[in-house]
Amino acid sequence: MGSYNFSEIEKKWQNKWEETGCFHAETASDKPKFYALIEFPYPSGQGLHVGHPRSYTALDIVSRKRRMQGYNVLYPIGWDAFGLPTENFAIKNKIHPKIVTKNNIANFKRQLKMLGFSFDWSREVNTTDPEYYKWTQWIFLQLFKKGLAYKQEMPINWCTGCKVGLSNEEVVNGVCERCGSEVVQRRKSQWMLKITEYAERLINDLDDVDYIERVKTQQKNWIGRSEGAEVKFQLTSGDEMVVYTTRADTLFGATYVVLAPEHKLVEKLLPSLENVDEIKEYITLAGKKSEFERTELAKDKTGVQLKGVNAINPVTGKELPIFISDYVLVTYGTGAIMAVPAHDERDWDFAKKFNLPIIEVVAGGENVQEAAYTDVYKGNMVNSGFLDGMPVKEAIPAMIKWLEEKGLGKKKVNYKLRDWLFSRQRYWGEPIPLVYCEKCGWVPIPEEQLPLELPEIDEFEPGENGESPLAKATEWINTTCPHCGAPAKRETDTMPQWAGSSWYFLRYIDPHNNDALASKEALDYWTPIDWYNGGMEHTTLHLLYSRFWHKFLFDLGIVPTKEPYMKRTSHGMILGENGEKMSKSRGNVVNPDEVVNEYGADAVRTFEMFIGAFDQSTPWSQDGLKGCYKFLERVWNLQDMMTDEEGYSKELCSNIHKTIKKVSDDYEKMKFNTGIAALMSLVNDFYKAGKVTKGEFLTLITLLNPVAPHMTEELWEMYGKGGLLSVSPWPEYDEALTVDSEVEIVVQINGKIRDKMMVSAELDKAGIEKLVTESDTVKKLVDGKTIIKTIVVPGKLVNIVVK
RNA sequence: GCGGAUAUGGCGGAAUUGGCAGACGCGCAUGGUUCAGGUCCAUGUGAAAGCGAUUUCAUGCAGGUUCAAGUCCUGUUAUCCGCACCA
């Protein structure tokens, strides 16, 4: 027997798999289809790190197993290659981002191939390929044509480092998610996508998909649906303001109202106010602050009263002071609130600071002068006219009904979700395929002119005033209006990185199609995706954006399903050996090249799956990797113990069937760590027996194949039944053989373990009780005591309660 | 501040959903084989007490429910993640 030469073996089988094309998926087949998807990587300059393969190996195991079980499996891969890091690298090193991308992809590809994933490489996609982004642009044009893309001047987050606008979702703790620079507020005309139009469906349709609960909760919270009411307040100036509230029941307790400083009404009222300077100063101050700075001052509320005008409470008729304060956001609701300090903490803080009245309208709390009482489940209405005595839950609809009847307000659903800021003033993204004509406005370019390719330029830096680098491509910009033929200019903004990744899973289905993003036939066959695994960090951005686009394509009749992914799971992060997040600056990054070189791809794959619970983050361990290598070597060395005996050895028979069952189940439940542990135990049993039959050995390597595909293919070639193990049938188990005829019963007295007995598995409750209570040990233990109660759990234990 | 997750030996982690806590691996110890080679094989390994069979204590902390709690309930602490006054 030769020694376990993993580097030779791994290269050999990677070549064989490529030559035979055994992992190519065929569209349309009698077999059941299985479409497994992992989040395609962003090909960064650093190359793969040891965290990437965790997700890829997991679905590779499921894909390989399903293939062996007779499924027609699609497990594709591609590159999410537009984006800032590449562009920044290109700027710094004066290399075209296209070249940088090409090099990075080559490196990633080498690394992924080295790990032996069963990807269908013939379907590789690349978001920066014009043949690909042609369809990204095409989808954008459809959105535009349906009125879901619009341009609007609005306050945006401006990254002082990258000199680009960021969507709120990309701002992390007040700094740019990518470069870490300060983010400030600025106004700029931007392309927006109306994802909010899909908010309701994005929540409701979660009921039809199998996502892990955490992901569903996080998406729902992000969309943030709330049911409330809009209420009209007449002002003493004769104007009208509309506030949004979820607590219409507390209207009798509203003692002042607040407008966001940017609210249009403030501008309108200004000329007639007494303290114009003070107000203007506050508005300027608030405008300078980033959203982060505003919230940093959360405890200490600020604001200015609009002197010379009051609002009239529609139910009490009382005049209320009007304030502007930056604790009210112009982007949410109507940008105006009615303040009920007795029952809202923020309002309470503000009221205390500005000495405003606090009127209790819900009983049941402590003194509202001391703290706000916010419980909606306890307490009835007081000081509230026709609502008095009602519980809050009834008072809310009662008040809304009253408002609607009087024409003073209406029921209103609001969402936290905001529209998707889609413009970037950057080079390395898809050009937005629109033309601006003085006469016709924004005009889409004809679809037959797609792809609209990026112009070749030399300088990729954004312009000084934040304009796109494309603005320098004069020849490219100047064009004619497709509508009227007059001279016109192209849009110079590009799309965000999220665009290409919002539909890539559809292109895999039919990647070389020139006439459509994918053929209808192929889409009908492969969608929806059966299983999508990815990181929790993509739960609110990518996952939501791609669901939105998919739903839009569904509405157009392009895709046959309303949801793209049937099932979504999530992997935990692999941390550095010191338990901290892997990063270059911490110096704890583990390079896959090194570990594969040292222990082989099979050992790395095995360890990545054995390292801990798949959905939890866990630190890397070089010793742990060594342990998995040792396990594979023990499997390899079993060759020495192989006997010519036929069939399974009797003592291991039930063990084998139990292992087949456990491993099959565990792979599907992503409990890879315990599945591998079961295989380790089985190997230990073979060592204890000092022998293994060929049948047992082949079962073992088949079960291990999805995890360690190279070594098991090699062993299959030596001892197996011919052909590739990767396409051989998955072992079946006999349920009857997984059940033991005798089980161990734990005997407890007052909950303490006192004895263990082997009893027949068929024995019923009474039988077990009789056997146990009549045993000598038990008789001795309960002697002289009274038995109060005996609990029998068949197959588990007997607990005798004595006094 | 709000929301979510997590907490089990020296370490990574198991525990069929209320039923023997610590599977499997690492590490460590002892013995054997090879005795220069990242060895390999076997046995042991939560803590404390005892020569011992055994006993007691142990799943972040404090209570509670139950014959029985890592698992359920109440409170609390720590760590990590997400969000930023969402009315």
Side-chain angles (χ1 to χ4, degrees), chain A residues 168-169 171-174 213-214 217-218 220-222 224-226 228 243-247 250 258 291-292 294-299 301 325-329 331-340 343-347 349-350 414-418 536-537 539-540 572-573 575 579-581 598-599 606-607 610-613 615-631 633-634 637 662 665 671 673-681 683-684 687-688 690 744-753 756 788-793 795-802:
Chain A
N168 286 323
E169 290 100 326
V171 181
V172 177
N173 292 329
E213 216 42 53
R214 265 176 315 150
T217 313
Q218 217 168 304
K220 280 180 194 166
N221 289 348
W222 185 268
R225 183 182 197 276
S226 78
V243 306
Y244 178 72
T245 178
T246 53
R247 292 293 304 276
T250 60
V258 189
E291 234 172 85
F292 179 65
R294 278 196 184 192
T295 58
E296 255 192 334
L297 307 164
K299 285 269 167 346
K301 297 274 183 291
S325 172
D326 59 13
Y327 86 94
V328 173
L329 302 181
T331 47
Y332 184 76
T334 58
I337 63 157
M338 62 180 212
V340 186
H343 305 290
D344 184 284
E345 272 161 33
R346 289 149 303 166
D347 297 347
D349 289 341
F350 193 90
N414 258 335
Y415 301 94
K416 282 200 265 186
L417 185 71
R418 295 174 204 170
M536 280 308 283
E537 71 273 20
T539 305
T540 45
M573 230 188 303
L575 308 169
E580 288 172 27
K581 199 170 166 175
E598 227 172 325
Y599 295 102
T606 307
F607 180 57
F610 185 68
I611 193 166
D615 60 354
Q616 249 146 4
S617 55
T618 178
W620 182 263
S621 155
Q622 203 70 11
D623 282 337
L625 171 60
K626 210 163 82 187
C628 286
Y629 174 77
K630 208 169 111 181
F631 163 63
E633 220 173 19
R634 270 163 79 82
N637 291 338
K662 173 143 187 72
D665 285 354
K671 295 178 76 170
N673 54 339
T674 54
I676 292 167
L679 292 173
M680 287 172 169
S681 289
V683 170
N684 291 345
Y687 271 78
K688 271 186 201 117
E744 193 181 52
I745 294 279
V746 173
V747 180
Q748 298 182 330
I749 310 281
N750 286 345
K752 304 256 187 221
I753 299 154
K756 290 175 184 182
I788 297 166
K789 198 173 178 182
T790 306
I791 293 106
V792 181
V793 183
K796 293 268 169 61
L797 76 126
V798 174
N799 188 11
I800 304 167
V801 187
V802 299

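If you're wondering where the values come from, they're calculated on a predicted model, not measured in any experiment. Every heavy atom of this structure was used, including side-chain atoms; hydrogens, water molecules and symmetry mates were not. Quick note on labels: first sequence line is chain A, next is B, and so on, each numbered from 1.
Separating the NZ atom of A:Lys626 from the P atom of B:G25 is a distance of 15 Å, rounded to the nearest angstrom. Rounded to an integer number of Å, the gap from A:Ile753 CD1 to B:G19 P is 13 Å. Look at CZ on A:Arg418: it is 12 Å from C1' on B:C85, rounded to the nearest Å. When the P atom of B:G25 is taken as reference, atom CZ of A:Phe607 falls 14 Å away, rounded to whole Å. Taking atom CZ of residue A:Phe610 and atom C1' of nucleotide B:A23, one finds them 10 Å apart after rounding to whole Å. Distance CG (A:Leu329) to C1' (B:A84): 9 Å, rounded to an integer number of Å. Between the OH atom of A:Tyr327 and the C1' atom of B:G1 there is a distance of 15 Å, rounded to whole Å. Whole-Å rounding puts the A:Asn673 CG to B:A14 P distance at 5 Å.
B:G52 makes up no base pair with any nucleotide shown, lacking Watson-Crick or G-U wobble contacts both under 3.5 Å. Of all nucleotides present, none satisfies the Watson-Crick or G-U wobble test against B:U17 with each distance under 3.5 Å. Within the shown strands, B:A62 is the pairing partner of B:U74 under the Watson-Crick or G-U definition, both distances less than 3.5 Å. Using Watson-Crick or G-U wobble geometry with both donor-acceptor distances under 3.5 Å, B:A5 finds its partner in B:U79. Remark: B:C57 base-pairs with B:G46. Criterion, Watson-Crick or G-U wobble with two distances under 3.5 Å. The partner of B:G37, taking Watson-Crick or G-U wobble pairs whose two distances both stay under 3.5 Å, does not exist in any strand shown. A 3.5 Å limit on both hydrogen-bonding distances identifies no Watson-Crick or G-U partner for B:C85. The pairing partner recorded for B:G22 is none, the criterion being a Watson-Crick or G-U wobble arrangement whose two distances lie under 3.5 angstrom.
Across all strands, A:Ser621 comes closer than 4.0 Å to no nucleic acid atom at all (heavy-atom distances). A:Lys581 comes within 4.0 angstrom of no nucleic acid atom, judged by non-hydrogen atoms across all strands. Within 4.0 Å (heavy atoms only), A:Tyr687 reaches sugar-phosphate atoms of the nucleic acid but no base atom. Within the 4.0 angstrom heavy-atom criterion, base atoms lie near A:Ile791. Here A:Gln748 lies in heavy-atom contact (under 4.0 Å) with a base. Looking at heavy-atom distances under 4.0 Å, A:Gly627 makes contact with sugar-phosphate atoms alone, never a base. Within the nucleic acid shown, A:Thr790 has no heavy atom closer than 4.0 Å to any nucleic acid atom. Using a 4.0 Å heavy-atom criterion, one finds that A:Val746 contacts the bases of the nucleic acid, with or without backbone contacts as well. A:Ala678 comes within 4.0 angstrom of nothing in the nucleic acid, heavy atoms only.
A sub-4.0 Å separation between OP1 or OP2 of B:C24 and a side-chain N or O of A:Thr674 is absent. Note on A:Lys756: every side-chain N or O is 4.0 Å or more away from OP1 and OP2 of B:C20. Here A:Tyr415 does not reach the OP1 or OP2 of B:C86: none of its side-chain N or O atoms lies under 4.0 Å away. Within the structure, every side-chain polar atom (N or O) of A:Lys752 is placed at least 4.0 Å from both OP1 and OP2 of B:C20. An OP1 or OP2 oxygen of B:G82 is reached within less than 4.0 angstrom by no side-chain nitrogen or oxygen of A:Lys416. At the phosphate of B:G25, OP1 or OP2 sits under 4.0 Å from a side-chain N or O atom of A:Asn684.
Mapping A:Arg634 and A:Met680 onto RNA chain B by nearest heavy atom places A:Met680 closer to the 5' end of the strand. In this structure, A:Tyr629 and A:Val793 both approach RNA chain B, and ranking their closest nucleotides by distance from the 5' end singles out A:Val793.
Relative orientation of the A:Tyr244 and A:Tyr332 rings is perpendicular, given thresholds of 30° and 60° on the angle between their planes.
Distance noted for atom P between B:A47 and B:G9: 12 Å (whole Å). B:C26 and B:G19 have their C1' atoms separated by 30 Å, with the value rounded to a whole Å. B:U16 sits 33 Å from B:A53 when the C1' atoms are compared, rounded to a whole Å. Nucleotides B:U39 and B:C24, compared at atom C1', are 22 Å apart to the nearest Å.
A donor-acceptor pair is defined here as one N or O able to donate and one able to accept, closer than 3.5 Å; such a pair exists between the side chain of A:Asn637 and the backbone of A:Glu633. With hydrogens and angles disregarded, a donor-acceptor distance shorter than 3.5 Å links the side chain of A:Asp347 to the backbone of A:Val340. Checked by atom type and distance alone, the side chain of A:Asn799 pairs as donor or acceptor with a backbone atom of A:Gly751 at under 3.5 Å.
For B:C20, its base sits under 3.5 Å from the side chain of A:Glu744 at one donor and acceptor pair at least. Contact annotation: side chain of A:Asp623 to base of B:C26, donor-acceptor pair absent below 3.5 Å.
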Run the side-chain contact (heavy atoms from CB on, under 4.5 Å) check on A:Val746 and A:Gln748 step by step: do they pass?
CA-CA 6 Å; A:Val746 173; A:Gln748 298 182 330; 4.1 Å; yes
Run the numbers on A:Asn684 and A:Arg634 for side chain to side chain donor-acceptor pair (under 3.5 Å), then give the verdict.
CA-CA 9 Å; A:Asn684 291 345; A:Arg634 270 163 79 82; 2.9 Å; yes
